[in-house]
Structures are given as structure tokens and as C-alpha cells.
2 protein chains.
Amino acid sequence: MTTTPVRDDDFLRLDQQICFSLNAASRAFNGLYRVVLKELGLTYPQYLVMLVLWEHGDLPVKKVGEHLRLDSGTLSPLLKRLETAGLVRRERSALDERSVVVGLTGEGTALRERALRVPRRIAAATGFELAEIDDLRTRLDRLTGALDAAALEEPPGPGPGSE
Amino acid sequence: MTTTPVRDDDFLRLDQQICFSLNAASRAFNGLYRVVLKELGLTYPQYLVMLVLWEHGDLPVKKVGEHLRLDSGTLSPLLKRLETAGLVRRERSALDERSVVVGLTGEGTALRERALRVPRRIAAATGFELAEIDDLRTRLDRLTGALDAAALEEPPGPGPGSE
DNA sequence: CGTCATTTAGTTGTGCGCAATTTAATTGTG
DNA sequence: CACAATTAAATTGCGCACAACTAAATGACG
């Protein structure tokens, strides 16, 4: 361990920096997407769902959730809105009646053409080089992995091997 | 311009990576904070507000919002919950009756002692060196600045050209 | 075969984020 | 002083994220 000695007091301020910065960046992204996606009639999470469907084709709700780290509590109402908008269809799977398969309608498929313009506008807005974006993405993914792992270890007991 | 020629098609996938990674990291952070903050009875946004108050003392709602990039639509109900929890007090300013000053109660001030342990647990969970966290923070802040600026320029017109 | 655990969606409830609107106080201007 | 413009909070409405729970279908096992 290369733990640099830092007083809790200082740490509390450092902490605010990183968690807050990440939060702010995420919301700033969201704000820009809101503007750009408005003309497509999509919210940012809806756009993410459409990206998944455009890339992978028809998928059960479960699979969509795995791609986006979202559960049915979030996806069910969201997909219902996409269905109302005429972009997707939902049908019970014949093979497994528990599963609901989400598929693109013609309109949903067609929307992809208009969505192709979105990423360039977003990327341009960041002012970052592609390489830097990629580097940032790598670090963030590593961070996410570490945080998820930690969240699983935190709740049960404060030490190794209780219960 | 060092624009690497990339097809819109590829771009659409790259795009999913960066926006999605940031979103995922933010939610992963949120999840870990949820676990760690549970014993303090705070949500993550409430924790951010407390951090601001601990650092700056009593502040009008407006100032709290400036520190956190949040407006009264978010802060009003949040502060009401903190008030109900007995952590803060809200009083109309005598000098400017429009303004509501948010102040810590004794209980709110005391909570800081217990909160001092939080950052270390979070930082440990990331598995990142302090230097790397700081580097990441810097990049994210730059990103946020660029995105905010872009969001202000986007809405008026689609720019030179299209439509 | 029947029973029970697991899996998959959906529902409910709470809280956040933000746009749009409302209300009240303050400031600026003639 | 009167009156319009601005400012600060609060409220309303919508959508997302997540925990907790329900309902229905499937799979495992004696």
C-alpha cells in the first residue's frame, strides 16, 4: 500500500472534488444531450436504449438492462413511453412467457439515420481529441469496476469474513 | 484541425462508450455512497449540501445552489427534508426578505464528525492513487466547462449550414 | 406428479434533476 | 412616488434511478 498520509480533514475536501466533479460532468453531458436529442424526441436514457437496439437488434428487457445496468423498475416505464412514441414494440416471448422482447418498429429503425448526427455534435462540444476521450473512458470504466466491487463488499460487514 | 476521419457509423458506437461510461461511473459512485451514507441517514445529494455547509457555514439557498450547480427546484424539497431530519434550519433573511438562509443545527454540525470517515472509505474503494484522482478530476472539470459552454451555443441555431 | 426456489417483468414509493411557472421582495427608472 | 424589470424561493409536472414488493412462468428435485 502506498497510502499517503492525509488528515481526514483534508480528505473531506478532496473528496468533495472528485465525487462532485464526476457528478457535475455527468449532468453537464445530460444537459447537452437534452438539447441535441430534443429534435429527435428522445431523452438521454431513451437514446441509450435505442443505441442498444440499433446495435444488437431485438432483445428481451433483461438483456437491455444488462447492457445499460438498468433494472425493470427503470426500463418498464421507459420502454412503455418508447412504445407510445411508436419507436419500439414489446411482445411476450413464445418460448419463455416470462420474457418480453423489445423490438424496433419501422419508425424506430428509421430514427437511426437522424441519430447518426448526434455523436459528432457531442464529441465536438467536448473539445477533446478522440484519443483523450478514449483514455478518459478507460479510466472511468476502471473506476466503475472498482466501485461496483467495493459496493458489494461494503454492506455486509466492516471486516473480512463476518456473517 | 486534427480531425481523424471517422465514419458516422463508427462514431455512433464510440459515442456510446464515452457518454455511457461517464453515466455508469456516476451511478456506480452513487451506489457506493448510498451504502456508505446510509448509516448517516443521508442521500448523496444531501451529503453534498452538508459538505458545502460544513465548509462555508450558513449560506442562502442561492449560494448553495451555485456551489452545487443546482436550482431551487431541486434544493427546496431537499432542504426541507434536511430540516425535517433536524440537520439544518431555514430562515428568511432580515436584510433581504427574498432570501432564505440555510444554517446548520447542532445536530447538523455534529454529524460532520461521523462524516469524516466517509471520504477515506470511498477513496479506498476506487483503488486509485490520490494523484490519479486529481488528474481525473481536472479532466472532468475541463469537460464540464466545455459541455456547459456548448449547451449555451447549441440551442439557438443549427449553425452554419444544414436544414 | 407436486412442491419449492429461481427467474423475469411489472408496480409502488421515495428522492433527485430540470424546465416552466408563480409569488413576493427588491431594484431601477422616470 | 409609481411602475416595470429583476431576483430569490417555492411549486408543479415529467422522467429517471433504485429499493422493495408482487405476479407469473420456468426449472429443479424428491
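Order of the sequence lines sets the chain letters (A, B, ...), proteins ahead of strands, with each chain counted from 1.
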*Which one, dA10(D), dG17(C), dA9(C), comes nearest to the side chain of N23(A)?*
dG17(C)
*To the nearest angstrom, how far is L75(A) atom CG from dG10(C) atom P?*
9 Å
*Please report, rounded to the nearest Å, how far the P atom of dA9(C) is from the CG atom of L78(A).*
15 Å
*Does R89(A) use its side chain to pair, donor to acceptor, with the backbone of E83(A) at less than 3.5 Å?*
no
*Taking atom C1' of dT14(C) as reference, at what distance in whole Å does atom CG of L37(B) sit?*
16 Å
*For atom CD of E91(A) and atom P of dA9(C), their distance in whole Å*: 14 Å
*Taking the six-membered ring of F128(B), is NZ or CZ of R142(A) closer than 6.0 Å to its centre and within 45° of its axis?*
yes
*Side chain of P45(B) only, please: which of dT26(C), dA17(D), dG17(C) is the nearest?*
dG17(C)
*Starting at CG of L59(A) and ending at P of dA9(C), how long is that distance when rounded to a whole Å?*
11 Å
*Does the distance from a Lys or Arg side-chain N to an Asp or Glu carboxylate O, for E107(A) and R112(A), drop under 4.0 Å?*
no
_Can you work out whether K63(B) or P77(A) has the more 5'-proximal nearest nucleotide on DNA chain D?_
K63(B)
*asked:* So, does S99(A) get its side chain near the phosphate of dA9(C), meaning an N or O under 4.0 Å from OP1 or OP2?
replied: yes
*Between D96(A) and L70(B), name the one whose nearest nucleotide on DNA chain C is closer to the 5' end.*
D96(A)
*Under 3.5 Å, is there an N or O donor on one side and an acceptor on the other linking the side chain of S72(B) and the base of dA10(D)?*
yes
_L104(B) backbone acceptor or donor facing W54(B) side chain under 3.5 Å_ = no
*Would you tell me if any nitrogen or oxygen in the side chain of R98(B) comes within less than 4.0 Å of OP1 or OP2 on dT6(D)?*
no
_Pair R139(B) + E132(A), salt bridge at N-O below 4.0 Å_ = yes
*Could you give the CZ-to-P distance, from R92(A) to dT7(C), as a whole number of Å?*
17 Å
_Main-chain N/O of E97(A) paired to R92(A) side chain as donor or acceptor, under 3.5 Å_ = yes
*Please give, in whole Å, the distance from dA17(D) C1' to Q46(B) CD?*
15 Å
*Ignoring the backbone of D71(A), work out which of dA19(C), dA19(D), dA17(D) is nearest its side chain.*
dA19(D)
*Assign each of E66(B) and T74(B) to its nearest nucleotide of DNA chain D by heavy atoms, then name whichever residue's nucleotide is nearer the 5' end.*
E66(B)
*Please figure out whether K80(A) or L95(B) has its closest DNA chain C nucleotide nearer the 5' end.*
K80(A)
*Would you say R34(A) reaches dC18(C)'s phosphate, i.e. side-chain N/O to OP1/OP2 under 4.0 Å?*
no
*Consider the side chain of S76(B), meaning its heavy atoms from C-beta on, and name the nucleotide among dT11(D), dA19(C), dA17(D) that approaches it most closely.*
dT11(D)
*Give a yes/no on whether any side-chain N or O of R90(A) is located under 4.0 angstrom from OP1 or OP2 of dG10(C).*
yes
*Nearest-angstrom distance from the residue atom CG of L79(B) to P of dT11(D)*: 12 Å
